[in-house]
Amino acid sequence: MKFYTFEKAVEKLLVVPHQKDKTSKEQQQQQTPSLDDCLKLLKGERDEQRLAGLLLVTKFCNGDDLVSLRKVCNAVGVHFLDRLLRTGTGKGSVSGGDNRDMYLQLSVTVLAAFCRVPDIAASKEMVSKIPLILEIMPEVSGSPVLEECYEFLYLVTTSYEDGATAFYESGGMKVLASQMSSLPDGSHMMELAIKIVQSILSRLSQDVVTNTYVSELSMMVATVARQFALLHNSLKFEALHLLSEIFSSKYSKPLCDALCAMAGNKWPDHMRAGIVAILQNRVEPAEKLHALILAESVISIMGEGWLLGQPNLPDLPDSIPADRCFLLVLESARVEVAVLLNDLAYLKYEASKDTSTTVETILLKQRNVAIAFSLVERVIKLTSTMDEVEGSIIGERTLIKVINGLNETINVVLEYLEDAKEHGQKKGNDLLASVRVVGSYLAETPNACKEKVRELLDYMLTIEGEDEPSPFHSVSFLLPMMCQITMDIEGCEALISSGGYKAVAECLVKLIGPRGNMVGDDGSTFLACDTVLNLLLKKEQMQFRMDESTFIDLLKAIGYWAGNANDLSVIIMASSICVLIFDYTSEEALLNHPNFDNSSLHNLYKIIARSLASCKQMALAPPAPLRKATPFTISLLDETNLQVCQLNSFQDMSDIVREETDLLEIVTSGFSRWAHRYPRLREAVESA
């Protein structure tokens, strides 16, 4: 076969039309080539014929005609296309001369067309061309061939897992990251780029992608966030789905850190604008849920303050009020909570449980309600500090509306828990999440929904997570509320009557005891200590006596916790509880108890002795409350009228020394009451 270079073939083809200038229009119509004519040329022996066939194919072959595309592909063969592509890139065995660009565009266009046939796109021959396509993309920026490159990559990476792998291993993420920001907003290329990223993340582990290309992925996220904010077509939802998928992954932490480090980037404002557009318009409930998932993810990066703020985005035609996102997220989360809890109650207690579909549906709804709960908690946290941080942004009427909405939602959650109680349900992540959101609200306003909370308190303290062997987290979630209500007699009586004091004591033992396997922060530990302390300080007024097994467990845990501690606050808190429990018993009784030994008593004596010794180094101040609350007044609507409540921001006293002297006063007073019943301790202190 005589070899023709592609350059000569094209030159010869360009002469053909001039030879036919004298042909009439009717004759030209009769000579319009058919598919069979193209196939004959493509099967020709000379490169000139095949090239002519390809040029004709691009002019009349419909891209959606998969049957014809398959015939054309079989006729031309992969080898010829490979030579054409390499000649166009300058890597062929012969030079393309001045027609290189033409060869390149023709070859890429035809390859992209062939890949519309799924099994051709998934073939090894097409996958093998990914590195070369990626290599030429930076060189053809601004050229029409670039869109064909994106089309080819999209079809190949989404048709076969090896395509996604080849794209990833050939540095495709770097190419995309470098080009996406310069692609026209809302263009077909932008749509293809977003879909390629979706395909890569769905087919490969996001852990691997994030760790290897965290910088590139953060650049892509910023670009996709812009599309999410600016567009009002189907691509907006594609961007939403990709963003929610990326941020909901458990491997997103490095990405979040990279986004935080991006100076001057407007991605948080773009996110806010896009989420507002979704939540304030009539879209499918599933899309609003995606928007809420994305909102929760952004808040976890930027903090609750992100909900408030007016984005500075010149490309947006209309400005967004500063509180719009805040109010929309709250209202949408409230709707999701009400709908999902109603659905869960029906599925768990009324619907048939014989199908796996029901179980899967319940798990999905539990995951979704957890997102809604988290957003409600974010709003509670932001609202509780709003007078300090964002008071100028939210007006009083808006604030009243927010608190009213929160109160209604907490009532809905309490009704769900009441329904679970009636059905004998105590275990489940949805129940535990319900207790958590209730606890978050009551931490700020402990007397809200007072009657309902007191009725359900004993039940809420028994709720366990799906993998918990016994209640712990439910008690931890309610500790802030229980610590505050035990500051007065009524709250103490409510906790005692519900048996809650035992739950608190058991929680504290798990936090600080030798056999405790729970990990809690110091905040939870000291909240539990303060709650126990509040109860013990009022024991005479209530005629309350802690049962023996409870205080024995507490004493042993306290000895283990503070016996070798160096933190003075730990030593003083431990000794304060210890001396109040010693009012119930004596040295002799403790030594004769089967579950208490001499070493445990020695640890306690050492703690008390160290506390008493510290009294010599500190000037005692007049007694003061153990904890201070900084109240701010906020209007709260109940079902029938407007009342004013106080949301107490619970915080440690700024004067730590004074607080410790108050606790030391408890220690010295206790020692003077019962020292005669603990001769060994008295001797140790007196000899010190």
Side-chain angles (χ1 to χ4, degrees), residues 130-142 146 149-150 153-154 157-158 163-185 187 189-230 235 238-275 293-303 306 311 313 315:
I130 288 178
L132 190 54
I133 294 294
L134 288 171
E135 185 179 334
I136 67 174
M137 286 175 67
E139 301 173 6
V140 296
S141 180
L146 183 62
C149 290
Y150 275 100
L153 291 174
Y154 164 68
T157 57
T158 56
T165 302
F167 175 88
Y168 176 80
E169 293 178 349
S170 303
M173 297 294 287
K174 284 185 176 293
V175 174
L176 273 190
S178 65
Q179 291 195 346
M180 280 184 70
S181 61
S182 60
L183 297 178
D185 293 327
S187 64
M189 282 189 289
M190 181 66 77
E191 180 180 5
L192 292 173
I194 289 175
K195 289 182 176 180
I196 290 170
V197 177
Q198 282 179 317
S199 174
I200 298 302
L201 295 180
S202 65
R203 292 177 180 272
L204 303 178
S205 169
Q206 188 169 330
D207 180 22
V208 176
V209 177
T210 302
N211 287 333
T212 308
Y213 293 110
V214 63
S215 176
E216 289 76 11
L217 194 57
S218 64
M219 293 168 59
M220 293 179 191
V221 166
T223 301
V224 176
R226 175 180 167 83
Q227 305 306 303
F228 180 46
L230 300 183
L235 188 54
E238 293 288 348
L240 170 62
H241 298 162
L242 176 57
L243 291 170
S244 63
E245 177 186 352
I246 289 174
F247 282 106
S248 60
S249 168
K250 63 181 179 180
Y251 303 115
S252 62
K253 178 65 168 62
L255 172 63
C256 296
D257 294 339
L259 287 170
C260 287
M262 292 179 71
N265 198 285
K266 294 186 178 296
W267 71 265
D269 285 345
H270 285 134
M271 292 284 201
R272 187 191 294 112
I275 289 169
I293 292 172
L294 187 57
E296 205 283 329
S297 299
V298 178
I299 294 171
S300 68
I301 302 172
M302 304 302 299
W306 170 83
L313 298 173
D315 294 325

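These values consider heavy atoms only, across backbone and side chains, with no hydrogens, waters or symmetry-generated copies.
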task: Return the minimal non-hydrogen interatomic distance between M220 and A177, and the atom names on each side.
output: CE-N, 3.6 Å
- request: Heavy atoms only: give me the nearest M180-V197 pair and the separation to one decimal.
  value: SD-CG2, 4.4 Å
- line: Heavy atoms of P184 and M189 approach each other most closely as CD-CE, 4.4 Å
- prompt: Looking at side-chain heavy atoms only, is the closest gap between W267 and V298 below 4.5 Å?
  reply: yes
message: Just verifying a value: how many Å separate L192 CG and S199 OG, rounded to the nearest 0.5 Å?
response: 12.0 Å
task: Could you tell me the separation between the SG atom of C149 and the CD atom of E135, rounded to the nearest 0.5 Å?
output: 11.5 Å
- prompt: Quick one: NE2 on H270 to CD on Q227, what's the gap to the nearest 0.5 Å?
  reply: 9.0 Å
- request: Work out which heavy atom in S249 is nearest to a heavy atom in S252; give both atom names and the distance.
  value: O-OG, 3.0 Å
Pairwise distance CZ(F228) to OG1(T223) - rounded to 0.5 angstrom: 15.0 Å
- prompt: Going from CE on M190 to CG on D185, what distance comes out if it is rounded to the nearest 0.5 angstrom?
  reply: 6.0 Å
query: Among V224, V221, I301, whose side chain to side chain contact (heavy atoms under 4.5 Å, CB included) with M271 holds?
result: V221
query: Tell me, do F247 and L259 make a side-chain contact under 4.5 Å, heavy atoms counted?
result: yes
query: Does some side-chain heavy atom of D257 sit less than 4.5 Å from a side-chain heavy atom of V214?
result: no
message: Looking at every non-hydrogen atom in both residues, tell me the closest pair between E245 and Q198 and how far apart they are.
response: OE2-O, 4.5 Å
- prompt: Are M173 and T212 side-chain neighbours, meaning at least one heavy-atom pair lies under 4.5 Å?
  reply: no
query: Quick one: CD1 on I133 to OG on S170, what's the gap to the nearest 0.5 Å?
result: 11.5 Å
- line: Partner of Y150 under side chain to side chain contact (heavy atoms under 4.5 Å, CB included), picked from E191, K195, Q179, is Q179
Heavy-atom pair with the smallest gap, counting every atom of G142 and L146: N-CD2, 4.2 Å
message: With a 4.5 Å cut-off on side-chain heavy atoms, are F167 and L134 touching?
response: yes
